[in-house]
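Residue numbers begin at 1 in each chain, while the letters A, B, ... track the order of the sequences. Please read these numbers as outputs of a predicted model, since none were measured by experiment.
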Protein chains: 2
Amino acid sequence: MIQSLNEHNREDLQEALGKGGQKLTPQREVVFAVLLAQRDHPTVDEVFNRARESMPGLSLATVYNCLETFVGCGLVRQVNHERESTRYCPNLAPHAHFRDKETGQVHDIELPPEVMKSLRSILPPGFDSEVIEISFLGRTKAYDPLHSN
Amino acid sequence: MIQSLNEHNREDLQEALGKGGQKLTPQREVVFAVLLAQRDHPTVDEVFNRARESMPGLSLATVYNCLETFVGCGLVRQVNHERESTRYCPNLAPHAHFRDKETGQVHDIELPPEVMKSLRSILPPGFDSEVIEISFLGRTKAYDPLHSN
DNA sequence: CTTGCGGTTTAGATTCATTCTAACTCATTA
DNA sequence: TAATGAGTTAGAATGAATCTAAACCGCAAG
């Protein structure tokens, strides 16, 4: 069961929504709490199922609406892999995504500023980019520090 | 109207298909010719419409089948942007994609090896990646060399 | 109060890319 | 000539996402 937002997170949410001309509603609060509670890049369906545990009457359309609103306010990012269901991620820092071929799990990969810079530098003149999406596809092995070098 | 494949390209296609245990068929030849004729990252529907000009009986399902086969043989790459229709690209060299927000056009961006390397280097130990997808979203301005520096 | 208004939520219908299914074609092998 | 099997085909099915229209709710004006 998802606990509700703490003071701090509720204020953040309210402020971000306000800037986008949107209101804080009970449904938005529950959906946002779900995203913060488990940062595993859930699909809309997963958010829906988790959120319904604390708000049984919630409808799927509302989950779509809430998430769209959050994206519009810059509170969450959409993550697309191939043509699978869109996933949602409340990590605001610039980062790439690594998708495990076997489990389907998505992991955040930190993006150092110098890598961002070198990426931007490969754009020919005249190309002006606002968003850069980077995603890795592969496997994760258990990491054994004793045998690495 | 799409011209048919030249000797050289037909041989390449046949060889690549053969390695994947697939045969060269008239439909596959037409679909491949469409991809080579206009390298603008067409959707399945666009490929379908162009291909039907030279082969009117061709069915949409076959276009899906052909493109899937080509991807399996490493002849073409799929390009996904958000949840739009998948696009197809016969450019085999490693490259990123730039999508123009206004026109929807997709441009190939060359990926220098050192950028690839720096990208690979940001993966923590235990993460093993086969495929890296990089896509830019933005605008393209006419480039005026007189006023650049 | 209570009335009306605008934004939000809701269930269900709709859309649309893609995948599936089952029949058919056609070249090759037995 | 029959059988096999890959490839093709039209149309049905799927499933994520969007749309629609009605209901709901908080709130400001009368």
ask   = Under 3.5 Å, is there a donor-acceptor pair linking the side chains of A/D108 and A/H41?
value =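 The criterion, which ignores hydrogens and geometry beyond distance, is satisfied for A/H41 and A/D108.
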message = Can a side-chain donor-acceptor contact be found between B/T62 and B/S59 if the only test is distance below 3.5 angstrom?
response =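 Judged by distance alone, the side chains do pair up.
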Tell me: [atom1] of [X] to [atom2] of [N], nearest whole Å?
{"X": "A/K23", "N": "C/dG6", "atom1": "NZ", "atom2": "C1'", "result": "7 Å"}
{"X": "B/F48", "N": "C/dT18", "atom1": "CZ", "atom2": "P", "result": "14 Å"}
{"X": "B/Q22", "N": "C/dA27", "atom1": "CD", "atom2": "C1'", "result": "16 Å"}
{"X": "A/E68", "N": "C/dT9", "atom1": "CD", "atom2": "P", "result": "12 Å"}
{"X": "A/E84", "N": "D/dA16", "atom1": "CD", "atom2": "C1'", "result": "12 Å"}
{"X": "A/N80", "N": "C/dA17", "atom1": "CG", "atom2": "C1'", "result": "14 Å"}
{"X": "B/L67", "N": "D/dG7", "atom1": "CG", "atom2": "C1'", "result": "15 Å"}
{"X": "A/R83", "N": "C/dT18", "atom1": "CZ", "atom2": "P", "result": "4 Å"}

query = For the helix from C/dC1-D/dG30 to C/dA30-D/dT1, what angle lies between the axis at the first five pairs and the axis at the last five pairs, to 10 degrees?
reply =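 Comparing the first five pairs with the last five, the axes sit 10° apart.
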Hey, does [X] reach any base, or is it just sugar-phosphate, or nothing, if we go heavy atoms under 4.0 Å?
{"X": "B/N65", "value": "base"}
{"X": "A/L60", "value": "nothing"}
{"X": "A/T43", "value": "nothing"}

request  = In sequence, state the C-alpha distance, the side-chain angles, and the governing distance for B/E133 and A/R99, and then conclude on salt bridge (Lys or Arg N to Asp or Glu O under 4.0 Å).
outcome  = CA-CA 11 Å; B/E133 292 279 347; A/R99 178 143 161 294; over 6 Å; no
message = Looking at D/dT8, I'd like to know if its phosphate oxygens (OP1 or OP2) sit under 4.0 Å from a side-chain N or O belonging to B/T25.
response =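 Affirmative; the distance criterion is met.
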message = I want to check one thing: is the phosphate of C/dT10, taken as OP1 and OP2, less than 4.0 Å away from some side-chain N or O of A/T62?
response =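 For A/T62, the contact criterion (side-chain N or O under 4.0 Å from OP1 or OP2 of C/dT10) is met.
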key: Axial cation check for B/F48 ring with B/R50, 6.0 Å and 45° limits   =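 No.
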ask   = Starting at the 5' end of DNA chain D, which residue's closest nucleotide do you reach first, A/T86 or B/S59?
value =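 In this pair, the answer is B/S59.
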request  = Select one nucleotide: of D/dA17, C/dA11, C/dT18, the one nearest the side-chain heavy atoms of A/A61.
outcome  =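 Nucleotide nearest to A/A61's side chain: C/dA11.
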request  = Ignoring the backbone of A/R28, work out which of C/dC20, D/dG7, C/dT8 is nearest its side chain.
outcome  =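 Between C/dC20, D/dG7, C/dT8, the one nearest the side chain of A/R28 would be C/dT8.
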ask   = Is a salt bridge present between B/R139 and B/D100, judged by a nitrogen-to-oxygen distance below 4.0 Å?
value =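 Salt bridge between B/R139 and B/D100, a charged N being under 4.0 Å from a carboxylate O: no.
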task = Check whether the ring centres of A/H97 and A/F136 lie less than 6.0 Å apart, and answer yes or no.
result =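 That pair fails the under 6.0 Å test.
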query = Quick one: which of B/V79, B/V71, B/T43 gives a side-chain contact (heavy atoms from CB on, under 4.5 Å) with B/Y88?
reply =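 With B/Y88 as partner, side-chain contact (heavy atoms from CB on, under 4.5 Å) holds for just one option, B/V71.
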